[in-house]
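Every chain is numbered from 1, with letters handed out A, B, ... down the list of sequences.
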There are 2 protein chains.
Amino acid sequence: MYLCISKTVRMTHSEENYLKTIYHLGNYGVQSVSTNAIAEQMETKASSVTDMVKKLAEKDLVNYKKYQGAKLTEVGKKIASTIVRKHRLWEVFLVENLNFSWDEVHDVAEQLEHIQSKKLIDQLDAFLNFPTHDPHGDPIPDKEGNFKKTDKILLSQMDHNTSCICVGVKDSSSDFLKYLDRNSIALGTEIVVISKESFDGSMMLQIDNCRKAISKEVSNNLYVKSVL
Amino acid sequence: MYLCISKTVRMTHSEENYLKTIYHLGNYGVQSVSTNAIAEQMETKASSVTDMVKKLAEKDLVNYKKYQGAKLTEVGKKIASTIVRKHRLWEVFLVENLNFSWDEVHDVAEQLEHIQSKKLIDQLDAFLNFPTHDPHGDPIPDKEGNFKKTDKILLSQMDHNTSCICVGVKDSSSDFLKYLDRNSIALGTEIVVISKESFDGSMMLQIDNCRKAISKEVSNNLYVKSVL
DNA sequence: ATTATTTTTTAGCCTAATCTAAATTTATTT
DNA sequence: AAATAAATTTAGATTAGGCTAAAAAATAAT
């Protein structure tokens, strides 16, 4: 039951970026993704997407029928997961070893994810001691593309008088991450939900014995794991 | 007396590779390099080189006059030295931290040298503890592009009954580096020249109390520093 | 000082990846 | 069900980088 990629597929950076986008938008490659969704995400034009998707279909990396969007094939999924794996491993390296903060890693990892070298990524994985999550709490696929999806929920879904631990972010924009830094919220931070306002969705939290009010936008972009 | 690059020049990988080649062939950018020399080194066609050199001249990265080759400008030299700096720092990282051997690093470093991030390279430099030489003994330019050129000579130029220390290689092909590995010759290895054969240029060496005969090809590609 | 040879440049073509604008298909509303 | 709107595709250009083949310039050899 192995997926064999006999002749290693030669991929351009652009092709890799498209696969990665389809992987992310299509829920790890299980769903079909529309041309427009890809175009919006990649900040390009729908016509460019059509062209590229045809090319990827030609290479059997996606299944594509006119007007019906694109869905990754097994091979496409494998390649996409490898790119994500590389991206997230590099993010760990940057934060753990090169003093990057979690809001600075994305652009550089975006470049590093395209470096081709099996040995490089295997050794990096070992050097980092086989991390399972990146600095934003996102899971790192293993060599086969598998990862355990964490049972995380949005902070906004927690009830009042409950406790949870921050396990990830939905929005990983620099602005949001810096906001979290300023408010001492990091991966692993324990958060107690004191109260929720129904009229604006804001919340009163307790973090390290300090009370903090946060907006709906914040609680809708922070993933937590409930603690009993 | 500083060189200010006000607006950061946006470089493609291809442009960077050309600059690097001109830097190397032109003796760190001091000499003019012919179109054919560039083409041969880069395994491309002379006509392609002409086109690219014109483009680089347009950007003021090289000085170019028809039929007279290309020479790096100060700005071009600075950019080229940065690429070489990145290449060599990555090589150190691969060998020191990711268990690569010195014959495996080149191809990967060739990709990594194009990653754009000032912070990345500064932090990597610090992480590696500011190395001055790469795994092949080549000097790593500092941020300003300066490096001390070591007073190395080819092993073939040593007299018999003299001692020296291996400080670098001229040929850094995988084959040659593996040969050196098999013969326990590495950077820092002490070598005693026992004798030289005038008819074929071969040498008898003593390394770690073992005698080894090497060909002229070998002694012509190994840099050493004489020890008194 | 002419040839001949080598080097370099020019001209024209090709592919990858993008774009705009127009055409077409699908989806949504009256 | 027809009309409108939205999404998608096609057609035709463009730009970067490369190639081939022919022309031009520089160098070498007779």
Side-chain angles (χ1 to χ4, degrees), chain A residues 7-23 25-26 31-72 76 79-80 83 110-111 113-114 116, chain B residues 8-23 25-26 31-72 76 79-80 83 110-111 113-116:
Chain A
K7 60 164 187 285
T8 304
V9 197
R10 244 289 161 259
M11 304 283 297
T12 65
H13 286 199
S14 186
E15 289 172 331
E16 290 197 342
N17 286 333
Y18 275 91
L19 286 187
K20 188 180 56 159
T21 299
I22 298 170
Y23 182 79
L25 293 179
Q31 294 160 22
S32 188
V33 182
S34 79
T35 301
N36 263 8
I38 298 170
E40 187 186 20
Q41 172 73 25
M42 298 187 70
E43 299 184 322
T44 183
K45 301 296 168 181
S47 55
S48 307
V49 175
T50 301
D51 284 349
M52 180 57 91
V53 157
K54 279 179 178 172
K55 192 159 73 132
L56 295 174
E58 200 60 44
K59 290 186 170 188
D60 278 315
L61 302 175
V62 302
N63 288 123
Y64 166 69
K65 279 205 289 290
K66 277 189 189 179
Y67 300 102
Q68 290 178 218
K71 191 178 134 184
L72 295 179
I79 295 175
I83 300 164
E110 200 88 323
Q111 299 179 62
E113 73 190 4
H114 298 295
Q116 314 267 196
Chain B
T8 305
V9 196
R10 245 287 161 262
M11 304 283 296
T12 65
H13 287 198
S14 186
E15 288 172 331
E16 289 196 342
N17 286 332
Y18 274 93
L19 287 187
K20 189 180 55 160
T21 299
I22 298 169
Y23 183 78
L25 294 178
Q31 294 161 22
S32 189
V33 182
S34 78
T35 301
N36 263 8
I38 299 170
E40 188 186 19
Q41 172 73 24
M42 298 187 72
E43 298 184 321
T44 184
K45 301 296 168 180
S47 55
S48 307
V49 175
T50 301
D51 284 349
M52 180 57 92
V53 157
K54 279 180 179 171
K55 191 159 74 131
L56 294 174
E58 200 61 41
K59 290 187 170 188
D60 278 315
L61 301 176
V62 302
N63 288 124
Y64 167 69
K65 279 206 289 289
K66 278 189 188 181
Y67 300 102
Q68 290 179 219
K71 191 178 134 186
L72 294 179
I79 294 175
I83 300 165
E110 200 88 325
Q111 298 179 63
E113 73 191 3
H114 298 294
I115 305 292
Q116 312 268 194

- prompt: Heavy atoms under 4.0 Å, any strand shown: does S48(B) hit a base, just sugar-phosphate, or nothing?
  reply: base
- prompt: Can you tell me if the side-chain N/O atoms of T50(B) get under 4.0 Å from OP1 or OP2 in dT9(C)?
  reply: yes
field: Donor-acceptor contact below 3.5 Å, side chain S32(B) vs main chain Q68(B)
entry: yes
query: Does K20(A) reach the side chain of E110(A), with side-chain heavy atoms less than 4.5 Å apart?
result: yes
task: Taking only the side-chain heavy atoms of S47(A) (C-beta and beyond), determine which of dG18(D), dT20(C), dT8(C) contains the nearest atom.
output: dT20(C)
Phosphate OP1/OP2 of dA16(C) contacted by S14(A) side-chain N/O (<4.0 Å): no
task: Could you check how far NZ of K54(A) sits from C1' of dA11(D), rounded to whole Å?
output: 10 Å
- request: Using atom NE2 of H13(A) as one end and atom C1' of dA16(D) as the other, report the distance to the nearest whole Å.
  value: 15 Å
Interatomic distance, Q41(A) CD vs dA7(D) C1' [rounded to whole Å]: 18 Å
task: May I have the distance from Y67(B) (atom OH) to dA25(D) (atom P), rounded to whole angstrom?
output: 6 Å
- request: For M52(A) and dT15(C), give me the distance from atom CE to atom C1', rounded to whole Å.
  value: 12 Å
message: Within the structure provided, determine whether L61(B) and M11(B) are in side-chain contact (heavy-atom separation under 4.5 Å).
response: yes
message: Between N36(A) and dT8(D), is there a contact of a side-chain N or O with OP1 or OP2 at under 4.0 Å?
response: yes
- prompt: Quick check: does any side chain N or O of K59(A) sit under 3.5 Å from a backbone N or O of R10(A), one acting as donor and the other as acceptor?
  reply: yes
task: Grab the CD1-P distance between I38(B) and dG18(D) for me, whole Å please.
output: 12 Å
query: Between Q41(B) and L25(B), is any pair of side-chain heavy atoms under 4.5 Å apart?
result: yes
For atom OH of Y64(A) and atom C1' of dT10(D), their distance in whole Å: 10 Å
- prompt: Rounded to the nearest Å, what distance is computed from the NZ atom of residue K66(A) to the P atom of nucleotide dT9(D)?
  reply: 8 Å
query: Given dA16(D), dT20(C), dT8(D), which nucleotide is nearest the side-chain atoms of T12(B)?
result: dA16(D)
